[in-house]
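Since the structure comes first, as structure tokens, the remarks are kept for the end.
First the proteins, then the strands, lettered A, B, ... as listed; each starts at 1. Just so you know, these numbers come straight off a predicted model, no measurement behind them.
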2 protein chains.
Amino acid sequence: MNRSISDVIEQFIMSSLDDNDFIELSRNDLAKFFSCVPSQINYVLNTRFTINRGFVIESQRGGSGYIKLTRMHDNDSNFLKNSLECCAKPMTVLEANQLIQNMLDKKLINEREANLLKCIISAKALNNPINIDNTIRSNIMRQVIIELSKNDK
Amino acid sequence: MNRSISDVIEQFIMSSLDDNDFIELSRNDLAKFFSCVPSQINYVLNTRFTINRGFVIESQRGGSGYIKLTRMHDNDSNFLKNSLECCAKPMTVLEANQLIQNMLDKKLINEREANLLKCIISAKALNNPINIDNTIRSNIMRQVIIELSKNDK
DNA sequence: AGCACTGAAAGTCAAAGAAAGTCAAAAAGT
DNA sequence: ACTTTTTGACTTTCTTTGACTTTCAGTGCT
């Protein structure tokens, strides 16, 4: 197996995640360590540690910036993955409400949270040109799912 | 997580506020203590201890000058009412985040809820024509506040 | 008492620095 | 040929630094 540097970096990051549910990386340091350009790290992250594979990435730029990588819990991850597909297209209020109800049923959120979400994706909250309304709604739900995927507190 | 010197200073000031409702700082002494330039203290104050997060800063220059930092206390309904006014105008991500942080500080929402809200009002979630972006954001926050007011004690 | 001087604060603002992100071209695999 | 990987120039975001400004209390002089 003639593996690429990307594979090696993937492996390295993967094993760092063995012990912890999340790790914090320095893009520049990692790049230096593997003698590659920094954007290669982004490439690895974007191609290997995707939401669909159960990972969530957060980061901050600027002085003492960082990249935080979180692994999702497996049981929830499937449901969330499927839900994500739901959010690939614009959603009506009805569809969004159903998704929220599903999340509630699966105990991924509680009642209070469900109510919050419902009011947020309501027509009132997204009061603006109708044609992009549903798009924003699915964008919001996608972000919610990503947020719920982070299993740290 | 204390990533930057600014974060460390923020923490320090924050914990000084644990016991008292207000504290008096000496900009120069603080700067000396943390081995940074005095204006760094201003930076921390301006980015972390903002009005939107419920802090008030008073200061005096010149001989025996000082910086007085006060944490605002007002009851929940007052707070919600004021927050509503905040949402009368379009809001930037930063403004919304500070409002959410403030709600968290006041225990009107918990950390999980705060994170949910933050991701919802993020640029990513509201990914659409910039000029109406901020308007949607304030609409959303308004609905959230209204929702939170429902189960008010 | 009133006034000017002085030095000790704090404030401002913009440049420099330090990350991370983006995107597309070039290179390498298959 | 086509897909994946590698590279690097350019962008964006946040932090750190420092030169310069403003304000004030105290002091000494008239």
Side-chain angles (χ1 to χ4, degrees), chain A residues 1-13 22-53 55-70 143 146, chain B residues 1-13 22-53 55-70 92-98 101 118 121-124 127 130 133:
Chain A
M1 271 249 273
N2 224 342
R3 291 192 334 204
S4 64
I5 181 72
S6 288
D7 288 336
V8 178
I9 297 173
E10 174 189 8
Q11 204 79 95
F12 176 85
I13 296 178
F22 73 93
I23 52 171
E24 232 175 76
L25 310 170
S26 148
R27 189 179 81 141
N28 285 345
D29 289 354
L30 248 193
K32 229 170 277 167
F33 185 70
F34 288 107
S35 311
C36 63
V37 294
S39 57
Q40 177 111 39
I41 306 300
N42 294 88
Y43 177 72
V44 173
L45 254 23
N46 293 334
T47 53
R48 271 84 163 170
F49 296 88
T50 63
I51 268 280
N52 281 348
R53 294 196 192 170
F55 297 95
V56 177
I57 299 168
E58 295 161 279
S59 66
Q60 187 161 65
R61 302 186 185 185
S64 61
Y66 62 91
I67 298 177
K68 181 178 169 188
L69 182 59
T70 310
Q143 287 308 118
I146 290 169
Chain B
M1 292 233 177
N2 288 328
R3 296 174 175 116
S4 60
I5 181 72
S6 288
D7 288 336
V8 177
I9 297 173
E10 175 189 8
Q11 279 246 272
F12 177 85
I13 296 178
F22 73 93
I23 51 172
E24 231 173 77
L25 310 169
S26 149
R27 190 180 81 141
N28 285 345
D29 289 354
L30 248 193
K32 228 170 278 167
F33 185 70
F34 287 107
S35 311
C36 63
V37 295
S39 58
Q40 177 112 39
I41 306 300
N42 295 88
Y43 177 73
V44 173
L45 255 23
N46 292 332
T47 54
R48 272 87 162 165
F49 295 88
T50 63
I51 266 277
N52 281 349
R53 289 194 192 169
F55 297 96
V56 176
I57 299 170
E58 294 159 282
S59 65
Q60 187 158 73
R61 303 186 184 184
S64 64
Y66 61 87
I67 299 177
K68 183 179 169 188
L69 219 196
T70 312
T92 65
V93 177
L94 214 69
E95 287 168 333
N97 272 335
Q98 289 188 338
Q101 185 63 43
K118 279 180 192 168
I121 52 81
S122 75
K124 261 184 202 159
N127 171 28
I130 294 154
D133 218 13

Does [X] have any ring-ring contact (aromatic ring centres under 6.0 Å, His included) partners at least two apart in sequence or in another chain, and if so, which?
X     : value
B:F22 : none
A:Y66 : none
A:Y43 : none

Could you list, one pair per line, each protein nitrogen or oxygen that sits under 3.5 Å from a nitrogen or oxygen of nucleotides 27-29 of chain D, together with the distance?
none

How close or far is atom [atom2] of [N] from atom [atom1] of [X], stated in whole angstroms?
X     : N      : atom1 : atom2 : result
B:L30 : C:dG11 : CG    : P     : 12 Å
B:N46 : D:dT17 : CG    : P     : 17 Å
B:I41 : C:dT12 : CD1   : P     : 15 Å
B:F34 : D:dT17 : CZ    : P     : 14 Å

So which protein nitrogen or oxygen atoms get under 3.5 Å of nucleotides 4-8 of chain D's nitrogens or oxygens?
unit_1 : atom_1 : unit_2 : atom_2 : d
D:dT5  : OP1    : A:R48  : NH2    : 3.1
D:dT5  : OP2    : A:Y43  : OH     : 2.3
D:dT5  : OP2    : A:R48  : NH1    : 3.4
D:dT5  : O5'    : A:Y43  : OH     : 3.0
D:dT6  : OP1    : A:I5   : N      : 3.0
D:dT6  : OP2    : A:S6   : N      : 3.1
D:dT6  : OP2    : A:S6   : OG     : 2.3
D:dT6  : OP2    : A:Q40  : NE2    : 2.4
D:dT6  : O5'    : A:Q40  : NE2    : 3.4
D:dG8  : N7     : A:S39  : OG     : 3.2
D:dG8  : O6     : A:S39  : OG     : 2.6

All side chain to side chain contact (heavy atoms under 4.5 Å, CB included) counterparts of [X], not counting sequence neighbours:
X      : answer
B:N42  : B:R27, B:S39, B:N46
B:L30  : B:F12, B:I13, B:L25, B:F34, B:I41
A:S64  : B:R3, B:S4
A:Q143 : A:I146, B:C119, B:S122, B:K124, B:A125

List the protein contact pattern of nucleotides 4-10 of chain C with one symbol per nucleotide (5' to 3'): B for base contact, S for sugar-phosphate-only contact, - for none; contact means a heavy-atom distance under 4.0 Å. ---BBBB
Which pairs count as salt bridge (charged side-chain N to carboxylate O under 4.0 Å, His left out) when at least one residue sits in residues 29-50 of chain B, sequence neighbours excluded?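 Every salt bridge (charged side-chain N to carboxylate O under 4.0 Å, His left out) pair that includes a residue of residues 29-50 of chain B, provided the two are not neighbours, is B:D7-B:R48, B:E10-B:R48.
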Sequence neighbours excluded - salt bridge (charged side-chain N to carboxylate O under 4.0 Å, His left out) pairs with any residue from residues 34-45 of chain A: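 For residues 34-45 of chain A: none.
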Quick one about B:Q60 and B:K68 (side-chain donor to acceptor, distance below 3.5 Å, no hydrogens or angles considered), yes or no?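 No - no donor-acceptor pair under 3.5 Å links their side chains.
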